[in-house]
Amino acid sequence: MTRRPSRLALAATAFLLSATLAACGGPAAPASSPDTTPAATATPAEATPTPTPTRDPVPVSNSIDTITAAGEWGSAPEVTVPAPFAIDETRTRTLIEGNADAPAAAADSTVEVHYVGINGRTGEKFDSSWDRGAPSPFGLDQVVAGFTKGLTGAKAGQRILIVMPGTDGYDAQGGNPPAIEVGDTLIFVADVIAVSTQEPVGATETPELPVTLGEADGKPTVTIPTGSAPPTALVAAPVIRGVQPAVEAGDTVVVRYRAWSWKTGEIVEDKFDQPVSGNIDETIEAWKQGIVGQPIGSRVVLVAPPSVGYEKASQNQPIEAGDTVVYVVDILFATVG
């Protein structure tokens with residue numbers, strides 16, 4: 001069954017977390033190797049236990065200037081770390097500036113990033129979204145503290161070096177042996193692809209529309225000309241054009257929207273106060289055609305004739321078969337599949 005815009009799955013507050021991120025509470029270390037420790041044997045009473053070796057402490061620095069990351073935004077960086085390295089507190093450095101007009105991430109925003117993680121003690125890579133072949137979306141209130149601190153304030157297009165002590169990393173989880181031990185400093189280079197927003201952010205546009213837009217109580221309104229015939233082809237026009245990446249086919253999108261019946265001029269759906277999310281490919285044809293290609297942060301007007309909307313009645317919709325529907329859609333976030 002085709003899922004309509006009002007039936008988009010997933011609550012907007014339940015933004016996608018990748019399985020690896022959910023498992024570790026942040027960018028994930030590789031899974032621990034299988035236990036190859038031989039089975040314990042009884043120790044003769046007279047035997048002297050062998051003392052456990054003590055790891056030499058790593059000098060703690062208050063600067064990340066010696067860490068470098070070469071390469072262009074969007075491609076895996078070549079990170080150089082003077083290992084063994086440890087930092088005193090979470091510190092960041094912008095390596096490539098982002099889009100100044102884009103919204104900045106808040107501590108509870110959802111972001112989509114590509115990143116690589118290096119253990120400061122060993123200088124070894126322990127994770128990379130580039131190696132996995134896809135960026136990672138996650139909520140900044142769902143990851144380790146160092147990542148939240150490092151990405152708060154970030155903007156789309158930015159490359160950030162984030163260096164965090166173990167206390168802001170995986171110490172509370174006992175590390176992630178053997179790749180990460182308690183106390184290890186973690187070094188991330190993150191490319192920010194997109195940041196969720198709570199409202200449209202972009203340039204205002206004034207397209208010619210078959211309806212009149214307004215606003216009341218902070219929400220968009222639509223007035224449909226009395227007695228006018230609806231358009232026979234889809235109208236899809238941004239009235240605010242966002243500055244972040246565009247929605248692509250197959251993306252999961254987070255939107256808020258209102259919808260009006262052309263026949264009655266009345267609101268038939270209102271998801272403005274409670275945004276919804278789901279895969280754009282599982283919506284009506286008008287959304288597939290009209291939302292794909294629109295940047296995150298846009299407000300888009302869709303006028304959907306029945307040929308791309310509701311030719312037939314649906315018990316899941318308060319929309320009459322054959323009606324034309326006018327949508328005002330705010331695109332708050334989008335991420336791969």
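The structure presented is a predicted model; accordingly, all values stated were derived computationally and were not measured. Sequential numbering from 1 along the given sequence is applied to the chain's residues.
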Original post:
Should Phe126 and Ile180 be marked as a side-chain contact (heavy atoms from CB on, under 4.5 Å) after you check the CA-CA gap, both sets of side-chain angles, and the distance that decides it?
Top reply: CA-CA 8 Å; Phe126 63 85; Ile180 301 171; 3.8 Å; yes
Subject >> Inter-residue atom distance Asp191.CG - Glu112.CD, 0.5 Å rounding >> reply: 11.5 Å
**OP:** Group every Ile, Leu, Val, Met, Phe, Trp and Tyr by side-chain heavy-atom contacts under 4.5 Å, then state whether Val328 and Ile319 land in the same group.
**Re:** no
Original post:
Is Ile224 linked to Val268 within one hydrophobic cluster, defined over Ile, Leu, Val, Met, Phe, Trp and Tyr using a side-chain heavy-atom separation of less than 4.5 Å?
Top reply: no
**OP:** Determine whether Val195 and Gln244 make a side-chain contact, defined as any pair of heavy atoms from C-beta on separated by less than 4.5 Å.
**Re:** yes
**OP:** Report yes if the side chains of Ser109 and Gln198 come closer than 4.5 Å at any heavy-atom pair, otherwise no.
**Re:** no
Original post:
Between Val303 and Trp262, is a side-chain contact (heavy atoms from CB on, under 4.5 Å) present by the stated rule, with each step listed?
Top reply: CA-CA 9 Å; Val303 183; Trp262 189 282; 4.1 Å; yes
Original post:
Mind checking whether Asn62 and Glu89 have side chains closer than 4.5 Å, heavy atoms only?
Top reply: no
Original post:
So if you build clusters from Ile, Leu, Val, Met, Phe, Trp, Tyr with side-chain heavy-atom gaps below 4.5 Å, do Leu186 and Val144 land together?
Top reply: yes
Original post:
What distance do Phe272 atom CZ and Glu199 atom CD have between them, rounded to the nearest 0.5 Å?
Top reply: 8.5 Å
**OP:** Give a yes or no on whether the backbone of Glu205 and the side-chain of Arg241 come within a donor-acceptor separation of less than 3.5 Å.
**Re:** no
Subject >> Lys155 side chain vs Ala100 backbone, donor-acceptor pair below 3.5 Å >> reply: yes
Original post:
Is there a donor-acceptor contact under 3.5 Å from the side chain of Thr335 to the main chain of Pro137?
Top reply: no
Subject >> Option passing side chain to side chain contact (heavy atoms under 4.5 Å, CB included) with Ile291 (candidates Leu302, Asp251, Val255) >> reply: Leu302
**OP:** For the pair Arg91 and Lys149, evaluate side-chain contact (heavy atoms from CB on, under 4.5 Å) and give the outcome as yes or no after the intermediate values.
**Re:** CA-CA 9 Å; Arg91 297 180 182 274; Lys149 293 176 181 179; over 6 Å; no
**OP:** Of all the heavy-atom pairs spanning Val253 and Ala334, show the shortest one and how long it is.
**Re:** CG1-CB, 4.0 Å
Original post:
Which atoms form the tightest heavy-atom contact between Pro165 and Thr185, and what is the distance?
Top reply: CA-OG1, 4.0 Å
**OP:** Can you measure from CG (Leu140) to CG (Asp108) and round to the nearest 0.5 angstrom?
**Re:** 8.0 Å
**OP:** Calculate, to the nearest 0.5 Å, the distance between atoms CD1 and CD belonging to Ile280 and Gln289 respectively.
**Re:** 11.0 Å
Original post:
Side chains of Ser261 and Glu266: do they bring a donor and an acceptor to under 3.5 Å?
Top reply: no
Original post:
Do any pairs count as a side-chain hydrogen bond (donor to acceptor under 3.5 Å, both in side chains) and have a residue in residues 218-238, sequence neighbours left out, and if so which ones?
Top reply: Lys219-Asp273
**OP:** Report yes if some heavy atom in the side chain of Arg93 is under 4.5 Å from a heavy atom in the side chain of Arg159; otherwise report no.
**Re:** no
Original post:
Once you round to the nearest 0.5 Å, how far does CD1 of Ile162 lie from CD1 of Ile64?
Top reply: 9.5 Å
Taking distance alone, no hydrogens or angles, what donor-acceptor pairs closer than 3.5 Å link side-chain atoms of residues 66-87 to residues at least two apart or in another chain?
| unit_1 | atom_1 | unit_2 | atom_2 | d |
| --- | --- | --- | --- | --- |
| Trp73 | NE1 | Gly157 | O | 3.4 |
| Trp73 | NE1 | Gln158 | O | 3.2 |
| Ser75 | OG | Glu72 | O | 2.9 |

**OP:** Salt-bridge test for Lys288 and Asp281: reply yes if a basic N is under 4.0 Å from a carboxylate O, no otherwise.
**Re:** no
**OP:** Please name the pair of heavy atoms, one in Val113 and one in Val111, separated by the smallest distance, quoted to 0.1 Å.
**Re:** CG1-CG2, 4.0 Å
Subject >> Shared hydrophobic cluster for Tyr327 and Val239 (ILVMFWY, side-chain gaps under 4.5 Å) >> reply: no
Original post:
What are the two closest non-hydrogen atoms of Val116 and Trp130, and how far apart are they?
Top reply: N-CZ3, 3.8 Å
Subject >> Distance-minimising heavy-atom pair for Pro103 and Thr197 >> reply: CG-CB, 4.2 Å
Subject >> Aromatic ring proximity Phe188/Phe147, centre distance under 6.0 Å >> reply: yes
Original post:
Between the side chains of Tyr115 and Asp127, does any donor sit under 3.5 Å from an acceptor?
Top reply: yes
Original post:
More than 12 heavy atoms of other residues, nucleotides or ligands under 6.0 Å from CD of Glu97: is that the case?
Top reply: no
Original post:
Would you say the side-chain atoms of Ser298 pair up with the backbone N or O of Val300, donor to acceptor, closer than 3.5 Å?
Top reply: no
Original post:
Given side chains that start at C-beta, do those of Pro135 and His114 come closer than 4.5 Å, heavy atoms only?
Top reply: yes
Subject >> Distance-minimising heavy-atom pair for Ile296 and Ala194 >> reply: CD1-CB, 3.7 Å
Original post:
Are Tyr310 and Ile267 connected in a single hydrophobic cluster, I mean Ile/Leu/Val/Met/Phe/Trp/Tyr linked by side-chain heavy atoms less than 4.5 Å apart?
Top reply: no
Subject >> CG on Asp330 to CD1 on Ile240, rounded to 0.5 Å >> reply: 7.0 Å
**OP:** Show your working on side-chain contact (heavy atoms from CB on, under 4.5 Å) between Val292 and Glu248 and close with a plain yes or no.
**Re:** CA-CA 5 Å; Val292 170; Glu248 297 182 0; 5.5 Å; no
Subject >> Any side-chain heavy-atom pair of Leu151 and Ile160 under 4.5 Å >> reply: yes
Using distance only, find each side-chain donor-acceptor pair of residues 209-217 under 3.5 Å and give its atom names and separation, not counting sequence neighbours.
none

Original post:
Backbone N or O of Asp131 within a donor-acceptor pair of the Ser128 side chain at under 3.5 Å?
Top reply: yes
Subject >> Main-chain N/O of Pro220 paired with Arg258 side-chain donor or acceptor, under 3.5 Å >> reply: yes
Original post:
Side-chain donor-acceptor pair under 3.5 Å between Asp184 and Asn119, yes or no?
Top reply: yes
